[in-house]
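See below for the structure under consideration.
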Amino acid sequence: MLPFPYIANTTGWYTAELGRQPWLVYNLMRTADGASPTVSSGNTLFTLLGFIGLYLLLGLLFLMLAGKIISKGPQLIKH
Amino acid sequence: MELFWYIVLMTMLAIYVILDGYDFGAGIIHLFFAKKEKDKKAITSAIGPFWDANEVWLIASGGVLFFAFPTLYASSFSGFYLPLIIILWLLIFRAIGLELRGQIHNKMWEAIWDKAFGISSLLLALFFGVALGNIVRGVNLGNVVNGVSTQEAHYFFLPLWNTSFSPQAEQLGIIDWFTLLLGVVGVVALSIHGANWIIFKTNSDLNQKLKKVIFNLNLVLLALVITSLLIWHIIEPKPFHNFIKYPLLWIFPIITFTGLFGLFKVKKFIKDGLGFLFSSLFLFGGLASTVASIFPKVLPSTNTVNPSLTLYNVAADEYGLSVGVYWFAIAPNEC
């Protein structure tokens with residue numbers, strides 16, 4: 001039950017982004033033409049790995065903090 | 001039209017530096033001077049409600065750059081790819097350091113995020129100064145090697161540093177002694193600005209100490225500004241020729257030095273906001289003078305093969321710019 005919104009959101013983005021390929025702008029520009037000629041693939045790989053690492057860290061932090069809040073439970077209403 | 005959008009872009013960037021600058025400065029003060037929990041809390045609550053909105057000015061400036069000067073956007077964001085991504089990561093680290101610190105009451109957790117917040121603020125101030133230094137020094141447009149352009153005339157790519165750390169080599173780097181000097185100017189100026197904000201917004205015990213810190217840093221800043229103005233002559237043979245050609249531009253250095261010299265009286269200010277006003281004047285005047293001195297160039301070329309990017313050869317089409325004026329003025333009011 002819990003991960004379904006994340007799955008729905010992510011697969012929605014996959015549909016949009018992958019479905020658009022090989023076009024960047026449909027019928028006007030291909031993705032390959034949009035790449036910067038001066039940024040090498042090594043640079044992109046380095047920054048991609050950096051982002052993966054950063055988002056992994058942020059995801060773990062989020063799971064930990066959200067889990068802490070959930071395990072604390074709802075606030076009791078005093079009658 | 002191009003001139004109008006150029007002024008809009010530079011004004012938005014100046015506003016961004018004045019606003020987010022105090023966030024960086026507060027982070028630097030937090031790193032070096034906030035030892036007690038009370039002081040740390042004062043500093044983080046002084047910038048807590050504001051940092052997100054201040055960063056929006058950066059995004060808005062990027063948007064205006066993309067719209068009005070697309071060639072400059074393509075050229076500079078490709079060429080400065082690595083430092084831009086590093087700045088992005090530092091911004092993310094600063095944000096999570098600030099926001100996650102209070103979530104768990106554990107000494108190690110708080111220490112880690114305090115250091116993340118402080119060190120990323122320091123590095124951000126440094127990197128923005130380095131970025132300004134790169135613009136002023138110019139880049140190797142077209143990636144010219146031995147007199148032959150290896151790329152199209154407006155493309156380039158700079159590694160983070162070159163082997164000699166010199167701004168006069170043929171293969172330039174982002175970090176060399178000239179840009180690092182301007183980076184240090186940025187760190188000192190933004191620390192003063194952040195300290196002024198803390199004095200303005202909080203009643204913390206640090207305020208008296210910060211006034212002494214601001215005075216001392218201001219002396220350092222004066223020395224650094226004079227040094228950088230002199231050293232600039234090594235990089236650029238006639239750096240002030242614009243000021244001689246258009247004497248009206250002298251207003252910007254006057255604003256800068258008003259801000260700089262006004263801050264020497266910081267210990268005697270009765271109204272706390274006055275220090276912040278002077279440091280804002282310094283930042284605005286400093287940026288405006290720097291940009292005015294390379295006008296109309298927006299990205300100088302260090303080689304003689306490819307021409308510099310001026311605001312006229314990177315601007316979008318006339319029709320697009322005029323339509324943009326309408327949407328820029330009307331659209332925010334419709335929201």
Side-chain angles (χ1 to χ4, degrees), chain A residues 2-3 5-6 9-10 12-14 16-18 20-76 78, chain B residues 66 70-106 108-110 112-113 116 120 139-145 149-160 171-174 299 306:
Chain A
L2 202 62
Y6 297 102
N9 208 336
T10 317
W13 275 108
Y14 284 170
E17 297 297 316
L18 293 175
R20 197 187 52 218
Q21 302 302 326
W23 298 106
L24 194 55
V25 183
Y26 185 63
N27 266 343
L28 292 177
M29 193 178 188
R30 294 196 176 233
T31 316
D33 301 329
S36 285
T38 51
V39 178
S40 73
S41 57
N43 288 317
T44 352
L45 185 63
F46 168 67
T47 53
L48 180 65
L49 290 176
F51 273 116
I52 290 176
L54 188 61
Y55 279 26
L56 202 62
L57 172 71
L58 284 173
L60 290 171
L61 282 173
F62 167 71
L63 285 174
M64 181 196 54
L65 287 172
K68 241 178 63 84
I69 295 177
I70 292 173
S71 67
K72 205 155 77 171
Q75 278 186 323
L76 297 171
K78 294 195 172 48
Chain B
F66 176 56
T71 312
L72 176 63
Y73 172 85
S75 171
S76 57
F77 279 42
S78 300
F80 294 132
Y81 178 69
L82 286 175
L84 276 175
I85 299 288
I86 290 176
I87 285 178
L88 184 56
W89 290 342
L90 287 172
L91 282 169
I92 295 177
F93 265 114
R94 181 184 71 128
I96 52 181
L98 194 49
E99 296 295 325
L100 290 186
R101 189 205 187 263
Q103 296 292 332
I104 299 182
H105 297 292
N106 176 320
M108 193 171 76
W109 174 268
E110 291 173 354
I112 289 177
W113 294 119
S120 51
V139 296
N140 195 6
L141 283 177
N143 267 347
V144 166
V145 178
S149 196
T150 54
Q151 296 279 354
E152 275 178 56
H154 57 272
Y155 280 119
F156 68 96
F157 187 81
L158 289 190
L160 279 178
Q171 297 303 318
L172 295 165
I174 303 286
L299 195 55
N306 290 313

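Because the structure is a prediction, the values reported are computed rather than measured. Lettering follows sequence order; numbering is per chain, from 1.
Using non-hydrogen atoms only and a strict 4.5 Å limit, the part of residues 39-48 of chain A facing chain B consists of A:V39, A:N43, A:T44, A:F46, A:T47.
Ranked by non-hydrogen atom pairs under 4.5 Å with chain B, the options A:L57, A:L65, A:L58 are led by A:L65.
Annotation: side chain to side chain donor-acceptor pair (under 3.5 Å) contacts involving residues 61-71 of chain A, sequence neighbours excluded, are absent.
Using a 4.5 Å cut-off between heavy atoms, B:L100 contacts chain A through its side chain alone, with no backbone atom that close. Heavy atoms of B:Y81 lying under 4.5 Å from chain A belong exclusively to its side chain. With a 4.5 Å cut-off on non-hydrogen atoms, B:Q151 touches chain A through its side chain but not through its backbone.
The number of heavy-atom neighbours closer than 6.0 Å to CZ of B:F93, taken from other residues, nucleotides and ligands shown, is 12 or below. No more than 12 heavy atoms of other residues, nucleotides or ligands lie within 6.0 Å of CZ in B:F66, so this atom counts as exposed by the packing criterion.
Ring geometry for B:Y73 against B:F77 counts as tilted: the plane angle lies between 30° and 60°, on a 0 to 90° scale.
Qualifying side chain to side chain donor-acceptor pair (under 3.5 Å) partners for A:S36, counting only residues two or more places apart in sequence or in other chains: B:S78. Partners of A:R30 by salt bridge (charged side-chain N to carboxylate O under 4.0 Å, His left out), not counting sequence neighbours: none found.
For the pair B:Y155/B:N143, no side-chain contact is recorded, criterion being any heavy-atom separation below 4.5 Å from C-beta on. In this structure, B:L158 and B:L82 have side chains that are not in contact, with every pair of non-hydrogen atoms separated by 4.5 Å or more.
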